[in-house]
Each structure stands twice: as structure tokens, then as C-alpha cells.
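To keep things clear, I will list the structure first and then write my remarks on it.
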Amino acid sequence: MTFTCNMENTDKKTILSGIQPTGVSFTLGNFLGAIRCWAQMQEEYNCLTFIADLHAITIRQEPSLFRKQIFDCFTLLLACGMDPEKSALFVQSQVHAHAELAWVLGCYTQFGELSRMTQFKDKSTKYPENINSGLFTYPILQAADILLYQPHYVPVGEDQKQHLELARNIAVRFNHNHGDVFTIPAPYISKSGGKINSLADPSKKMSKSDQNINAYISILDPPEVIIKKFKRAVTDSENKIVFKDDIEKRGINNLITIYSLSTGNSISDIENEFANNGYGDFKLAVGEAVVELLRPIREKFEIYNKDKAYIQECQQKGAEKAAALAARTLRKVYRKVGLR
Ligand code: TYM
């Protein structure tokens with residue numbers, strides 16, 4: 001298979017998105033909240049999408065497993081509809097400018113700003129035995145990922161809004177000192193899928209780093225596992241399928257959101273459809289809808305997985321394309337700060 005990747009269309013605005021290769025695959029939250037939107041945006045925008053492997057080593061990874069995860073997650077992006085002909089798809093560590101710009105931007109970021117990041121607070125509570133400085137400076141690397149490519153928009157879920165805000169502040173500060181170097185990126189948050197919650201504790205977001213495997217659906221989970229996880233999903237005791245702004249209803253609201261995003265049905269249609277059913281029936285229906293939603297992805301993943309040479313070629317071409325774009329910004333930054 002051969003392909004070209006046309007990123008030269010200047011009429012289109014640019015969007016940039018990244019995802020960590022933690023765990024064996026992405027979650028349903030990643031798919032509904034992020035990847036599906038990225039895939040849909042490829043027609044309208046110049047898209048850059050990368051596997052954020054440098055971010056993932058803030059948590060200890062087993063090297064050979066990690067290498068496979070990076071490869072599989074890249075493959076999964078293609079299976080989810082990311083098209084290397086339309087987008088620049090790459091692995092972060094293959095483009096050296098990310099780490100280089102991160103150092104420079106670190107010198108334009110205040111300690112206090114990083115201390116306020118909620119993700120740092122959460123992760124240092126979760127991994128008290130390894131509060132490394134990478135965990136603390138993580139948002140600077142994320143700012144570098146973004147600002148290198150001068151994107152107009154960064155599509156993220158609710159959880160990444162604070163990091164994006166910091167990237168914008170760093171860019172404004174740098175521009176203030178050195179003239180207009182960076183485009184100030186705007187967040188692009190999908191209305192309904194901005195936050196898909198855990199099935200085991202609906203007060204938390206669905207996350208692949210959750211210790212409880214029943215808390216999340218992995219895109220590559222087999223159908224029977226998906227159904228089982230939905231059957232176990234935490235709800236309340238009311239047994240009425242209605243979407244209410246009430247913390248007690250967070251579990252059922254989450255299931256209604258997932259069903260709505262999986263089937264395209266509106267929330268009121270869903271409430272009518274299940275007016276005479278209890279949670280047991282509804283959980284099964286949600287599970288079945290998600291199985292159907294993910295089936296073509298699993299099938300495409302199996303096909304792509306057989307052509308490792310093609311995936312490698314995609315990674316190589318995507319990295320070359322991204323590196324060329326990133327080098328332009330990095331050169332400008334070095335010149336502005338007086339580096340040779
Ligand atoms: P990550 O890998 O946690 O998630 C990737 C994308 O999926 C979204 N997301 C969700 N959306 C809805 N519901 C959920 N439960 C859910 N979980 C995750 C995230 O908001 C994100 O859009 N730090 C980033 C990766 C990154 C990045 C970047 C993103 C590194 N550099 C530059 C954008 C721009 C992260 O850990 O995402």
C-alpha cells in the first residue's frame with residue numbers, strides 16, 4: 001500500500017491531537033470523546049495526530065510491552081478511521097523537536113503554574129512511590145507538542161482543558177517577549193462526548209489506567225466482555241431510564257450518553273424507548289450497541305495488524321512530515337531567544 005499525506009492546504013485550519021499509548025488499547029471514552037471526532041474532522045481540517053509515548057513514561061512501563069503498545073495504538077488509530085493520506089499520523093518520540101521545544105518552554109513556565117495542575121495532583125496521589133519531575137513538567141511537553149505545529153484548534157476532552165489553557169498562557173507569554181511566534185490554539189470540545197465516565201465509579205472519568213478493569217471498556221474488548229462490563233455498571237436504585245441533573249443519576253446518565261453516542265438516538269428518544277424497561281434491559285441494550293459500534297474497528301485492526309510493514313511505513317512518513325513542520329517553528333524559536 002502506498003500513500004501521500006497532503007498537509008499543504010493552507011485554506012484549511014489546522015488541528016492537533018494526541019493520545020497516550022497506555023494499556024493494551026484505547027478506551028470507549030477515548031473513542032467517543034476524542035478519536036471519533038478527530039476522524040470526522042479530517043475532511044475539513046489539516047490534522048496532525050500523534051501517539052504521546054514520551055508522556056507515557058512518566059509512569060513506569062515494561063519496555064518490550066510498551067514498544068508493542070505504541071505500535072498497536074498507532075495501528076488502532078488507523079482502524080478507528082484516521083487516514084494517513086489525509087492526516088499526519090506519527091509517534092511523538094520520532095520527532096525530536098518536541099523534547100527540544102519543551103526545554104525552551106520550560107524556561108517560560110512558572111513553578112506555581114505547574115503546581116496548580118489537577119492531573120499532577122491526581123497522579124502523584126495515585127503513584128506516590130514515583131512522583132518524578134516528568135510528571136510535574138508533563139504540561140510543558142504537552143504545550144510543546146501543540147505549539148510546534150501552530151494549530152488553530154486542539155480537540156480535547158474536559159480532562160485536558162487545564163493543560164491546554166496552560167499551553168495558551170505559555171504561548172501568549174512567549175509572543176509577548178519575542179513577537180508573534182506561536183498561534184494561540186483554541187480548545188475544541190465535543191459537546192456530548194467531552195467526558196465519558198467510569199462504569200464502576202461514575203464520579204470519575206473512564207480511564208485506561210484504572211486498576212479496576214470493569215471500570216472501562218477497551219476498544220478491543222471481545223463482545224462478551226463488553227456485555228459483562230455493562231451488566232455490572234454502577235447505577236442507582238430508582239430503576240428509571242431518565243437523564244437528570246442529579247449526582248445520584250450519574251451512572252445512568254453516563255449509560256444514556258454512551259447509548260446516545262453509539263446509536264445516534266437523542267436522549268428524549270432513548271427515555272421514550274425505554275420508558276417501560278428497567279436497568280437490566282437497558283444495560284444489555286447499551287452493551288449490544290457498543291459491541292456493534294466497535295465491531296468494525298476490531299475487524300479493521302485485525303487486518304492492519306497483518307501488514308506491519310505498512311504500519312511502519314505510515315509511522316515513518318508521518319514522522320517525516322511532522323518533523324518538517326516542527327523544524328520550522330523550532331528554528332524560529334531558537335532564533336528569537338538568541339540560540340544559534
Ligand atoms: P489521553 O491519552 O488521556 O486521552 C486522549 C484523548 O481522549 C480524551 N479522553 C476522554 N474523552 C472523554 N471521556 C473520557 N473518559 C476520556 N478519556 C480521555 C482526552 O481528553 C484526550 O483528548 N495529555 C494527553 C495526551 C497529549 C495531548 C498532547 C493531547 C499529549 N500531548 C497535545 C492534546 C494535545 C492525554 O493524556 O490524553
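Because only heavy atoms are used, hydrogens play no part in the values below, and waters and symmetry mates are left out as well, while side chains stay in. Remember, it's 1-based here, ligands and their atoms both numbered in the order they're listed.
Near Ala52, the atoms of ligand 1 lying under 4.0 angstrom from a non-hydrogen atom of the residue are 30 (C). The distance from ligand 1 to the heavy atoms of Ala34 drops below 4.0 Å at these ligand atoms: 6 (C), 7 (O), 8 (C), 22 (O). Heavy-atom proximity to Lys208, at under 4.0 Å, picks out these atoms of ligand 1: 2 (O). Per-residue contacts place Gly157 under 4.0 angstrom from the following atoms of ligand 1 (heavy atoms of the residue considered): 19 (C), 20 (O), 22 (O). Ligand 1 places these atoms under 4.0 Å from at least one heavy atom of Gly33: 11 (N), 12 (C).
Ring orientation note: the planes of Phe111 and Phe136 are tilted relative to one another, at an angle of 30° to 60°. The aromatic rings of Phe174 and Phe182 sit tilted, their planes meeting at an angle between 30° and 60°. Ring pair His98/Tyr149 is tilted by interplanar angle, where 30° to 60° counts as tilted.
Here's the thing with Asn197: none of its N/O atoms is less than 3.5 angstrom from an N/O atom of ligand 1. In terms of polar-atom proximity, Trp38 is not counted as a contact of ligand 1, lacking any N or O under 3.5 Å from an N or O of the ligand. Residue Gln20 has at least one N or O atom closer than 3.5 Å to an N or O atom of ligand 1. Considering backbone and side-chain N/O of Glu158, none are found under 3.5 Å from N/O of ligand 1.
Comment: Glu43 engages Lys86 in a salt bridge, judged by a side-chain N to carboxylate O separation of less than 4.0 angstrom. Salt bridge status for Lys161 with Glu165: absent, with no side-chain N to carboxylate O gap under 4.0 Å.
Within the structure, the closest approach of Gln92 to ligand 1 does not fall below 4.0 Å when heavy atoms are considered. Distances shorter than 4.0 angstrom occur between a heavy atom of Tyr138 and an atom of ligand 1.
Of all the heavy atoms of Lys204, none lies under 4.0 Å from any atom of ligand 1, so neither backbone nor side chain is involved. With a 4.0 Å heavy-atom cut-off, ligand 1 is reached by the side chain of Asp159 but not by its N, CA, C or O. When heavy-atom distances to ligand 1 are checked against a 4.0 Å cut-off, Tyr149 has no atom that comes that close, whether in backbone or side chain. Heavy atoms from both the backbone and the side chain of Ile196 come within less than 4.0 Å of ligand 1. At a heavy-atom cutoff of 4.0 Å, ligand 1 is contacted by the side chain of Leu16 but not by its backbone. Only the side chain of Ile146 comes within 4.0 Å of ligand 1, judged by heavy-atom distances. Contact annotation for His55 and ligand 1: only side-chain heavy atoms (C-beta onward) come within less than 4.0 Å of the ligand.
Tyr216 carries Lys229 over the face of its six-membered ring, with the cationic atom under 6.0 Å from the centre and within 45° of the normal.
Comparing heavy-atom distances from atom 7 (O) of ligand 1 across Ile35, Asn30, Ile15 singles out Asn30 as nearest. Compare Ala143, Gly29, Ala56, Gly18 by their heavy atoms: the one nearest to atom 16 (C) of ligand 1 is in Gly29.
Partners of His163 under the ring pair (Phe, Tyr, Trp, His ring centres under 6.0 Å) rule, at least two apart in sequence or in another chain, are Tyr138.
Here the closest heavy-atom approach between residue Asp83 and residue Gln42 is recorded as N-OE1, 2.7 Å.
Aromatic ring centres of Phe74 and Phe90: separated by at least 6.0 Å. Between Tyr108 and His176, the distance separating the two ring centers is not shorter than 6.0 angstrom.
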- prompt: Does the side-chain contact (heavy atoms from CB on, under 4.5 Å) test come out yes or no for Glu238 and Glu248, once each step is laid out?
  reply: CA-CA 9 Å; Glu238 202 184 15; Glu248 287 299 309; over 6 Å; no
- request: Show your working on side-chain hydrogen bond (donor to acceptor under 3.5 Å, both in side chains) between Asp210 and Asn212 and close with a plain yes or no.
  value: CA-CA 5 Å; Asp210 207 305; Asn212 178 357; 5.4 Å; no
